[in-house]
Protein chains: 2
Amino acid sequence: MEQILPHLDSVFSIDCVLFGFDGKELKILLIERNEEPFKDWWALPGNIVGPDESLDQSASRILYELTGLRGIYMEQYYAFGDPGRHPQGRVITLAYYALIRLGGDKELRPISTYAKRANWLPITDLPKLAFDHQKIYDKGLEKIKRRIKHQPIAFELLPEKFTLTQLQHVYELVLGKKLDKRNFRKKIVSFGVLKELDEKQKGVSYRAATLYRFDKRKYAKLFGKEISF
Amino acid sequence: MEQILPHLDSVFSIDCVLFGFDGKELKILLIERNEEPFKDWWALPGNIVGPDESLDQSASRILYELTGLRGIYMEQYYAFGDPGRHPQGRVITLAYYALIRLGGDKELRPISTYAKRANWLPITDLPKLAFDHQKIYDKGLEKIKRRIKHQPIAFELLPEKFTLTQLQHVYELVLGKKLDKRNFRKKIVSFGVLKELDEKQKGVSYRAATLYRFDKRKYAKLFGKEISF
DNA sequence: TTACTTAGTGTAAAAAATACACACTATATT
DNA sequence: AATATAGTGTGTATTTTTTACACTAAGTAA
């Protein structure tokens, strides 16, 4: 986060790439800056780490201030600290990615003063970003691409109950490629971390799909044994 | 790195887990602290990031000061910043792992004042470490375990010319398990990144093994296609 | 009732992973 | 010169995993 620059030798901040999935597209939350430098540019949300916060707490706080939500899944992935990355001084920033399902619609809340507004923008069509935020975003996407192959993070982007087609859709968007339906189902079911529900999808004008849920218990029992996509 | 505490709100440092392989064991370089806190304890080498250094430059410098060597392979892997991790104030540290081959014997050089001495200690028998350095080390080992499966980092621990048995040994030590000789050879050769030399091992009192070299060109041609162990 | 749209399913072929044991070769020893 | 020693180097059969591929079933809308 870049807006406050106290007169210290260096500032330590956290920036978040918050990925959201609305059932159709993969988006990230960007804020439009209201202050120099990069006034009117889009930027990743971020902030300075408080003196008594842990790094994870700080990232949680930032996400809470943006969305009003607690308990968002997130993980730190890289520190950026080139001396020239901030025009006004030394700012070392630790990047987090975070994953959230969109659609509740009341996730966005009034945001702090350094931003005019925040917006969900599809990753297929991002504007130019302030600072080195393009680099930070790129690395974040790369990270979740890798991560989704081995860890059950796709479920963070979906509602609690979801169809296999929706799940496949998430994988396809993150990995950036089409997957074969039958092979996908075979594989994802074989991991044994999905619970098939008795329920069906509702409100669709075609055959309703079976709903599934991610079964944390079963996953815990795998005990580190890795999923491999 | 923990020894200097200027009166700032927070200090940003880098700590390094430098892994070395001497042909037999996997070791890490630890320093014995000469200052409070944790005087006389073993700790990971580290230092504060200078105002005009990038993060990687800072890590390189730390490694150079310790070993007199430049160009050591290294990579940042995690930031540790719990408010309580340093007894005397807020220190956020970014951890790097680094890999080096031992055996040249002149790698260690006089070190800075906060340490009495530096020593290579086998990872199978580490002492208690200062601060949260055990946690930092654990995560570093975990990281290279993961990384060695997909990236050609094993070669950083070996001399330029090595035998397949030595290479297998590195994999076994890092992964912490025995591998089948024939299957290992089949697989590692199938990646197509090794160049078989005309040379043989010397000075052994048994059948001399063929020497190999990591072929960077061939690896570059794979163009991101991942090795998978 | 028909048209439309997505759900859901199986199999054969190819590729990759695994398990497994012995003869070869260079040196050191007597 | 013969022998002991210690690590090198190799092949195959079996199992498992991955891939490619297309049609019927079910529900809704007209």
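Atom set for the values below is all heavy atoms of this structure, side chains included, hydrogens, waters and symmetry mates excluded. Predicted model, so just to flag it, every value in this text is computed and none were measured. Chain letters run A, B, ... following the sequence lines, proteins first, then strands; residues in each count from 1.
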Step-by-step salt bridge (Lys or Arg N to Asp or Glu O under 4.0 Å) determination, E156(A) to R101(A): CA-CA 7 Å; E156(A) 306 291 338; R101(A) 104 174 211 257; over 6 Å; no
Which residue lies more 5' along DNA chain D, comparing R182(A) with S205(A) via nearest heavy atoms: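 Checking each residue's closest nucleotide, the 5'-ward one belongs to R182(A).
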Residue met sooner reading DNA chain D from 5', once Y206(B) and A208(A) are mapped to nucleotides: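 Looking at DNA chain D, the more 5' nearest nucleotide goes with Y206(B).
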Just the rounded figure in Å: distance from [atom2] of [N] to [atom1] of [X].
| X | N | atom1 | atom2 | result |
| --- | --- | --- | --- | --- |
| F184(B) | dT8(D) | CZ | C1' | 14 Å |
| Q166(B) | dT8(D) | CD | C1' | 13 Å |
| K149(A) | dT18(D) | NZ | C1' | 14 Å |
| K202(A) | dA7(C) | NZ | P | 17 Å |
| I188(A) | dT18(D) | CD1 | C1' | 15 Å |
| Q201(B) | dT8(D) | CD | P | 7 Å |
| L164(B) | dT8(D) | CG | C1' | 10 Å |
| K200(B) | dT27(C) | NZ | P | 11 Å |

N or O in side chain of T210(B) less than 4.0 angstrom from dG9(D) OP1/OP2: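 For T210(B), the contact criterion (side-chain N or O under 4.0 Å from OP1 or OP2 of dG9(D)) is met.
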Worked check of salt bridge (Lys or Arg N to Asp or Glu O under 4.0 Å) between D40(B) and K116(B): CA-CA 8 Å; D40(B) 304 326; K116(B) 278 187 235 173; 2.5 Å; yes
Selection from dT9(C), dT8(D), dC20(C) that lies nearest to any side-chain heavy atom of K181(B):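 So the nucleotide nearest the side chain must be dT8(D).
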Nearest to side-chain heavy atoms of N183(A), which nucleotide of dA20(D), dA19(C), dG8(C):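 Given the options dA20(D), dA19(C), dG8(C), the side chain of N183(A) is closest to dA20(D).
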[X] (side chain) and [N] (base): donor-acceptor pair under 3.5 Å:
| X | N | result |
| --- | --- | --- |
| R207(B) | dT8(D) | yes |
| K186(B) | dT18(C) | yes |
| K187(B) | dT18(C) | no |

Any donor-acceptor N or O pair under 3.5 Å, side chains E75(A), Y96(A):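 Distance-only check fails for E75(A) and Y96(A).
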The single option from T93(A), L141(A), L129(A) passing side chain to side chain contact (heavy atoms under 4.5 Å, CB included) against I136(A):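 Only one of T93(A), L141(A), L129(A) forms a side chain to side chain contact (heavy atoms under 4.5 Å, CB included) with I136(A), namely T93(A).
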Donor-acceptor pair, side chain of E172(A) and main chain of L179(A), under 3.5 angstrom: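 Here the side-chain-to-backbone pair exists.
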Sugar-phosphate, base or nothing in reach of T163(A), heavy atoms under 4.0 Å: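 Since no nucleic acid heavy atom lies under 4.0 Å of T163(A), the category is nothing.
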Residue whose closest nucleotide on DNA chain C lies nearer the 5' end, L211(A) versus D180(B):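 Here L211(A) is the residue nearer the 5' end.
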